[in-house]
2 protein chains.
Amino acid sequence: MKEFCGTSEITGARFSIYPMSDRFVEIILSSLKEVDTSKVWMGTDDVSTCVRGRSEHVFDVVKTIFLNASKDGDHVVLNATFSNGCPGDSAGDTFMAEDSVLMNHELTKKISQEVATQFALYPLGIPGYMDVIMEQIKTVEQQGVFNGGVHYASRLDGDANKVFTALESAFEGARKSDSSHIVMTVTMSANSPTRKEGQ
Amino acid sequence: MKEFCGTSEITGARFSIYPMSDRFVEIILSSLKEVDTSKVWMGTDDVSTCVRGRSEHVFDVVKTIFLNASKDGDHVVLNATFSNGCPGDSAGDTFMAEDSVLMNHELTKKISQEVATQFALYPLGIPGYMDVIMEQIKTVEQQGVFNGGVHYASRLDGDANKVFTALESAFEGARKSDSSHIVMTVTMSANSPTRKEGQ
């Protein structure tokens, strides 16, 4: 299993940023330049980027890269899979010793960005996984960004900082369940022309 | 649980097509126009599209839309979550009565498109989910497109038709396991400039 996963404490995210623009390379490179990744392990290939470390820093880095990419008004989508507790190797484990001070909070708290989000939680290894999901949906419902269920996902709408807070709380809540391996998928869209037209 | 999932026989995919181009609207609309969706239930919102029906038709429709979008050389990425066996509602169940003749096979078999793919299988509800995953990785390894594991995913490279065959076989193989609810996430990239430069 070595090659597929991580240790039980480390959180990881495999994600991509998709700018629907001829300038996609420039937008992606610029968003990567303006993020502090000193508290995470990070690797990029031609399909996606992987960030690993303490959970709060993984969320901080993914959020910052997405906000950097979308803040100039381009239609940008984030796809991310967050994972915690997958049995396996230890690359990036040294970053678990970092403290919990977020490196990009001063930057992101100033960015106001409306987003439309669909996410799904997959608590693995336990028969009662649907109970864990429903419990976390209830938690998210209290945070003011929940906008109902769709097939295979739940919808969150609102400011990106608030939506990320809700996502992180659902992920952390699920980590406290009987499941020792939590996966969460997120699709987050900013500046969509469809959205602007109210469709 | 009604709003989140489907019945045990129906397969669904929630997916998006991301053309990294100023012409993204035109590319998406045109790819949707040139696909026969008569054997599936389909719904689109501002974040993604959901297709539901017999498994083979769901894969056929998603593959065709992606190949339509990428065949003119634009850098296009597909993100998809395939799901089978999620307890819940019945929208689209009438399409389960369709026969298994693929509606888009004549179109897609002529399209040759190199892709780079990362995918992950999540067999839910059972303690032995890692065994199911490893078994399906072995199946995929025999199909000539497997290119190793990365953190949280496995990599497939090669012709899109062959890669889709491998993905479908892994999904169908996992459906035969003890897990009654199978989720598979796929990120597939065509015409990436990073890829062309061999990075």
Side-chain angles (χ1 to χ4, degrees), chain A residues 1-6 12-14 16 18-25 43 45-48 50 52 75 77 79 81 83 86-89 91 116-118 120 122-130 133-134 137 148-155 181 183 185 187-189 192-195 199, chain B residues 1-6 12-14 16 18-25 43 45-48 50 52 75 77 79 81 83 86-89 91 116-118 120 122-130 133-134 137 148-155 181 183 185 187-189 192-195 199:
Chain A
M1 298 174 196
K2 204 181 205 178
E3 52 205 330
F4 303 105
C5 298
R14 181 164 286 283
S16 302
Y18 305 117
M20 258 56 78
S21 161
D22 291 349
R23 295 168 41 253
F24 68 95
V25 173
D45 60 35
D46 58 320
V47 179
S48 60
C50 187
R52 308 179 76 222
H75 176 25
V77 174
N79 264 105
T81 298
S83 181
C86 189
D89 81 355
T117 304
Q118 289 168 352
Y122 304 115
L124 288 153
I126 54 167
Y129 65 99
M130 284 303 291
I133 295 170
M134 298 313 286
I137 297 292
V150 294
H151 286 302
Y152 313 117
S154 296
R155 177 151 187 146
H181 182 182
V183 169
T185 60
T187 303
M188 186 179 291
S189 170
S192 165
T194 310
R195 190 67 183 159
Q199 285 169 11
Chain B
M1 301 177 192
K2 204 183 205 177
E3 50 205 331
F4 303 106
C5 297
R14 180 163 288 283
S16 302
Y18 305 116
M20 258 55 79
S21 162
D22 290 350
R23 295 167 41 251
F24 68 94
V25 174
D45 60 36
D46 59 319
V47 178
S48 59
C50 187
R52 309 181 75 222
H75 176 25
V77 174
N79 263 105
T81 297
S83 181
C86 189
D89 80 355
T117 304
Q118 289 170 350
Y122 304 115
L124 289 154
I126 54 167
Y129 65 99
M130 284 302 290
I133 295 171
M134 298 313 286
I137 297 294
V150 293
H151 286 302
Y152 314 116
S154 297
R155 176 149 188 150
H181 182 183
V183 169
T185 59
T187 303
M188 187 179 292
S189 170
S192 165
T194 311
R195 191 68 183 157
Q199 284 168 11

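Labels below follow one simple rule: chain letters A, B, ... track the order of the sequence lines, proteins then strands, and each chain is numbered from 1.
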Pick one of side chain, backbone, both or neither for A/S21, based on which atoms fall under 4.5 Å of a heavy atom in chain B.
->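 Both backbone and side chain of A/S21 come within 4.5 Å of chain B.
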Interface moiety of B/A13 toward chain A, non-hydrogen atoms closer than 4.5 Å |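 Contact with chain A: backbone only.
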With ring centroids as reference points, do A/Y129 and B/H181 lie under 6.0 angstrom apart?
->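 Under 6.0 Å, so yes.
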Counterpart residues, side chain to side chain donor-acceptor pair (under 3.5 Å), relative to A/S16 (two or more places apart) |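 Side chain to side chain donor-acceptor pair (under 3.5 Å) list for A/S16, sorted by chain: A/Y18.
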B/T187: side chain to side chain donor-acceptor pair (under 3.5 Å) partners, not counting sequence neighbours =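 Expected list: B/N79.
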Check whether B/T81 gets within reach of chain A through its side chain, its backbone, both or neither, counting any heavy atom under 4.5 Å.
->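 Side chain only.
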If you count heavy-atom pairs under 4.5 Å with chain A, which of B/S83, B/G43, B/S189 comes out on top?
->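 Among B/S83, B/G43, B/S189, the one with the most close pairs to chain A is B/S83.
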For B/F24 against A/P193, the heavy-atom pair lying closest together =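 For B/F24 versus A/P193, the nearest heavy atoms are CZ-CG, 3.6 Å.
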